[in-house]
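Since the structure comes first, as C-alpha cells, the remarks are kept for the end.
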Amino acid sequence: MDSDFPPLFRCPISMELMEDPVTVSTGVTYDRKSIEKWLFTYNKKTCPATMQTLAAGAEDFVITPNLNLKRLILAWKINDSALTPATALEEVSSLLATVESSPFKVSSLRKLRSMVEMNDGMKSEFIRLSGIGIVVNVVIQILIDCSDFSTLDTCEEALGVLCQFPISNEDKLFDEMYKREELMKSIAVVVQRGSAEGRFYAVKILRNIAKNTNYNWGSIMEEQGIDFFKPLLELVSDEFPTKASSCALDVMIEILSSSKRSRVKAIEAGAVWILIELLPESGRSKCERMLQILQSLCECAEGRLALVEHGMGIAAVTKKILNVSYVATKIGVKILLWISSFHPRERVVDEMMACGAVKKLLMILHMDSTGVGDGGRSSTKEKVIKILKMHGNKWRRSPCFPSELKNYLKFVNDE
C-alpha cells in the first residue's frame with residue numbers, strides 16, 4: 001500500500017494507515033490495535049495525543065468504532081488501487097484463486113477481508129464465487145498441522161474473513177458448517193491457542209452461531225467438554241474487558257440455556273468459582289450476563305453446591321442485588337431462591353443473614369408493597385416471599401436481625 005495516504009487516515013500512535021479506526025472520549029481517533037495496546041498492554045489511562053485522562057464507562061474505557069472513517073478509508077483503498085467496481089469484483093476472483101492455489105495466503109486473505117467488510121456487493125460476489133467454501137478449507141487446515149505457527153496465522157486471517165458474513169439457518173456459512181464438522185473443531189482450536197485478534201474472530205463466529213442458528217452443540221460438548229469452556233472463561237477473566245470477552249459471555253449464555261450437559265461441563269471447568277471471583281468488580285452489562293450464567297449453572301445441583309462452597313459465593317450475589325439494575329436484582333433473587341431451597345443447611349442460612357441477603361430481601365418486599373420497583377405482585381416478590389417463609393422464623397430469632405424490619409416478616413407470614 002502506498003504510504004502517501006491522507007493524514008486523516010493515519011493512526012497518531014503507529015503513524016500507519018488505520019484498519020479499524022476507533023474514537024476515544026477525547027474525540028481523537030486511533031487504530032484499534034494501537035490504542036488497545038496503549039491502554040491494556042501498557043496500562044495507560046490517558047489519550048496519547050492530548051494526554052487527557054480518558055473517561056471510563058460501565059465496563060472500562062469508552063472506545064467507539066468510527067464507521068464513517070472506516071468507509072472513507074475503504075473507498076480510498078479501492079480508488080488508490082485504480083479499482084472500478086467491475087475490476088474490484090475481478091480482484092475478488094483473483095484473490096480467491098490465489099488463496100486456493102498458493103501456499104502464501106495471508107496477504108490475500110487480509111485484502112479480501114478489507115474488501116468484503118464494508119461492501120455488500122463484494123460479499124455477494126464472494127459468495128457467488130464459492131468464497132465461503134474456499135476460506136473454510138483454509139480454516140480446517142489447522143486440524144492437519146496445528147503446531148505450525150504460519151498455519152495458525154493463516155487460519156486466523158481466514159476466520160477474519162468469515163466473521164464478516166451473517167450466520168443464520170438460511171446462510172451459506174451455516175450450510176458449510178453442517179457439511180464440514182471440522183470447521184467448528186478448527187474454530188475451537190483458535191479460541192484455545194490463537195492470538196488476541198484470532199480468538200476474537202473465532203469467538204465472534206461462535207456468538208453468531210449461538211444467537212442466530214439452531215446449531216446442535218452436542219458433538220462439541222461430547223468431544224471437547226471442559227476444554228471448550230476453559231478458553232472462554234479465560235477470555236471472560238481478562239483484566240481489561242474486550243470485545244472478545246463480551247462475545248465469550250454471550251456464547252456461554254446461549255449454549256448453557258439450551259443444554260444441561262453443557263452446564264455440567266462448564267461447572268467442571270470452574271465457571272462458578274471464576275464468575276464469583278469476577279462479580280465484585282464487574283460493571284452493569286458484564287454483571288448482568290455473569291449473573292445470567294450463574295443462574296443457568298445453579299439449575300444444576302453441581303452448580304448450586306459450587307456456589308455455596310465458595311467462601312464469597314452468597315455474598316457476591318447479594319452485593320449485586322439492588323446495587324446494579326432491576327435485571328441483576330431479579331436474577332440475584334432467583335439464585336438465592338435456588339440456594340435456600342436446595343441447600344437449607346444452617347451454615348447457608350446463617351451466611352445469608354451475615355452477608356445482608358435477608359435485609360435486601362425485606363427491602364425488596366417493602367419496595368414492592370409500596371409500589372416501588374416493578375409494582376404489584378411481581379414474580380420477584382413471590383420469590384422473596386418463598387425464601388422468607390422457608391427461613392424467616394430462624395432469621396427473626398437471630399440477634400443480628402434488624403428490629404425495625406420484623407414487621408415485614410409478620411406480613412410475610414400472614415400472606
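Quantities reported herein were computed from a predicted structural model and do not represent experimental measurements. All values below were derived from every heavy atom in this structure, side-chain atoms included, with hydrogens, water molecules and symmetry-related copies excluded.
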*Can you list the steps and then say if Leu278 with Ser237 is a side chain to side chain contact (heavy atoms under 4.5 Å, CB included)?*
CA-CA 7 Å; Leu278 295 173; Ser237 303; 3.9 Å; yes
*Leu109 versus Ala158, closest heavy-atom pair with distance*: CD1-N, 3.9 Å
*To the nearest 0.5 Å, what is the distance between CZ (Phe342) and CG (Leu337)?*
8.5 Å
_Exam field: side chain Lys105 to backbone Val99, donor-acceptor pair closer than 3.5 Å_ = yes
*Does any N or O in the side chain of Trp217 come within less than 3.5 Å of the main-chain N or O of Leu256, such that one atom is a donor and the other an acceptor?*
no
*Hey, is the main chain of Val349 close enough, under 3.5 Å, to the side chain of Trp395 for a donor-acceptor pair?*
yes
*Minimum heavy-atom separation for Pro48 to Ile13, with atom names?*
CG-CD1, 3.8 Å
*So does Lys383 have more than 12 non-hydrogen atoms from other groups sitting under 6.0 Å from NZ?*
yes
*side-chain hydrogen bond (donor to acceptor under 3.5 Å, both in side chains) involving Glu234 - partner list, sequence neighbours excluded*: Arg199
_Phe228 side chain near Ile255 side chain, heavy-atom distance below 4.5 Å_ = yes
*Taking only Lys NZ, Arg NE, NH1 and NH2, and the carboxylate oxygens of Asp or Glu, determine whether Glu197 and Lys33 approach each other closer than 4.0 Å.*
yes
*Using a 4.5 Å cut-off on heavy atoms from C-beta on, say whether the side chain of Leu233 contacts that of Met252.*
yes
*To the nearest 0.5 Å, tell me how far Leu361 CG sits from Met353 CE.*
10.0 Å
_Side-chain (Lys185) to main-chain (Ile140) donor-acceptor, under 3.5 angstrom_ = no
*Has Lys360 got more than 12 heavy atoms of other residues, nucleotides or ligands less than 6.0 Å from its NZ?*
yes
_Checking the side chain of Lys123 only, and the main-chain atoms of Val116 only, is there a donor and an acceptor separated by less than 3.5 Å?_
yes
*Drop me the distance from Trp38's CH2 to Asn43's CG, to the nearest 0.5 angstrom.*
11.5 Å
*Just checking, is any N or O donor in the side chain of Ser282 or Arg289 under 3.5 Å from an acceptor N or O on the other one?*
no
_I'd like to know if the side chain of Glu157 reaches the main chain of Asp153, judged simply by a donor and an acceptor atom lying under 3.5 Å from each other, with no hydrogens or angles considered._
no
*Residues Ser195 and Glu156: side-chain donor-acceptor under 3.5 angstrom*: yes
*asked:* Test your reading of the model: is there a side-chain donor-acceptor pair from Thr151 to the backbone of Ile142, 3.5 Å cut-off?
replied: no
*Trp273: what forms a side-chain contact (heavy atoms from CB on, under 4.5 Å) with it, not counting sequence neighbours?*
Ala306, His310
*From Leu291 atom CG to Glu288 atom CD, the distance as rounded to the nearest 0.5 Å*: 8.0 Å
*For Ile267 and Gly303, work out which heavy atoms get closest and say how close.*
CD1-N, 3.4 Å
*Does Lys111 come within less than 4.0 Å of Glu91, counting only side-chain N to carboxylate O?*
yes
_Min side-chain heavy-atom separation Ile364-Ile321 under 4.5 Å_ = yes
*Take Arg347 and Glu351 through the test salt bridge (charged side-chain N to carboxylate O under 4.0 Å, His left out) and record every step on the way to the result.*
CA-CA 6 Å; Arg347 180 184 68 79; Glu351 188 175 341; 3.2 Å; yes
*Shortest non-hydrogen contact from Val203 to Cys247?*
CG1-CB, 3.6 Å
*asked:* If we ignore hydrogens and angles and just use 3.5 Å, is the side chain of Tyr30 paired with the main-chain N or O of Ala49 as donor and acceptor?
replied: yes
*Mind running side chain to side chain contact (heavy atoms under 4.5 Å, CB included) on Thr318 and Met352 for me, showing each step along the way?*
CA-CA 8 Å; Thr318 298; Met352 290 179 70; over 6 Å; no
*With side chains defined as the heavy atoms from C-beta onward, is the minimum distance between Gln164 and Phe126 less than 4.5 Å?*
no
*Looking only at atom types and distance, does a side-chain atom of Gln192 sit under 3.5 Å from a main-chain N or O of Asp227, one as donor and one as acceptor?*
yes
*asked:* Under the side-chain contact (heavy atoms from CB on, under 4.5 Å) test against Ser325, which residue among Lys330, Lys320, Arg284 passes?
replied: Arg284
*Measuring from Ser186:OG to Leu143:CG, what's the distance to the nearest 0.5 Å?*
3.5 Å
_Arg304 side chain to Cys298 backbone, donor-acceptor under 3.5 Å_ = yes
*Can you find a pair of side-chain heavy atoms, one from Ser262 and one from Phe229, that are under 4.5 Å apart?*
yes
*Worked verdict on Phe165 versus Asn208 for side chain to side chain contact (heavy atoms under 4.5 Å, CB included)*: CA-CA 10 Å; Phe165 292 85; Asn208 291 341; over 6 Å; no
*Quick one: closest heavy-atom pair of Lys230 and Ala269, and the distance?*
CG-CB, 4.1 Å
*Any side-chain heavy atom of Phe104 within less than 4.5 Å of one from Thr154?*
no
*Once you round to the nearest 0.5 Å, how far does CD1 of Ile73 lie from OG of Ser114?*
11.0 Å
*Check each of Glu222, Glu302, Glu268 against Arg261 using the salt bridge (Lys or Arg N to Asp or Glu O under 4.0 Å) test, and report the only one that passes.*
Glu222
*Arg113 to Gly160 - nearest heavy-atom pair and separation*: CD-O, 3.2 Å
*Looking at side-chain heavy atoms only, is the closest gap between Asp350 and Lys394 below 4.5 Å?*
yes
*Should Thr29 and Leu8 count as side-chain neighbours, where that means a heavy-atom distance under 4.5 Å?*
no
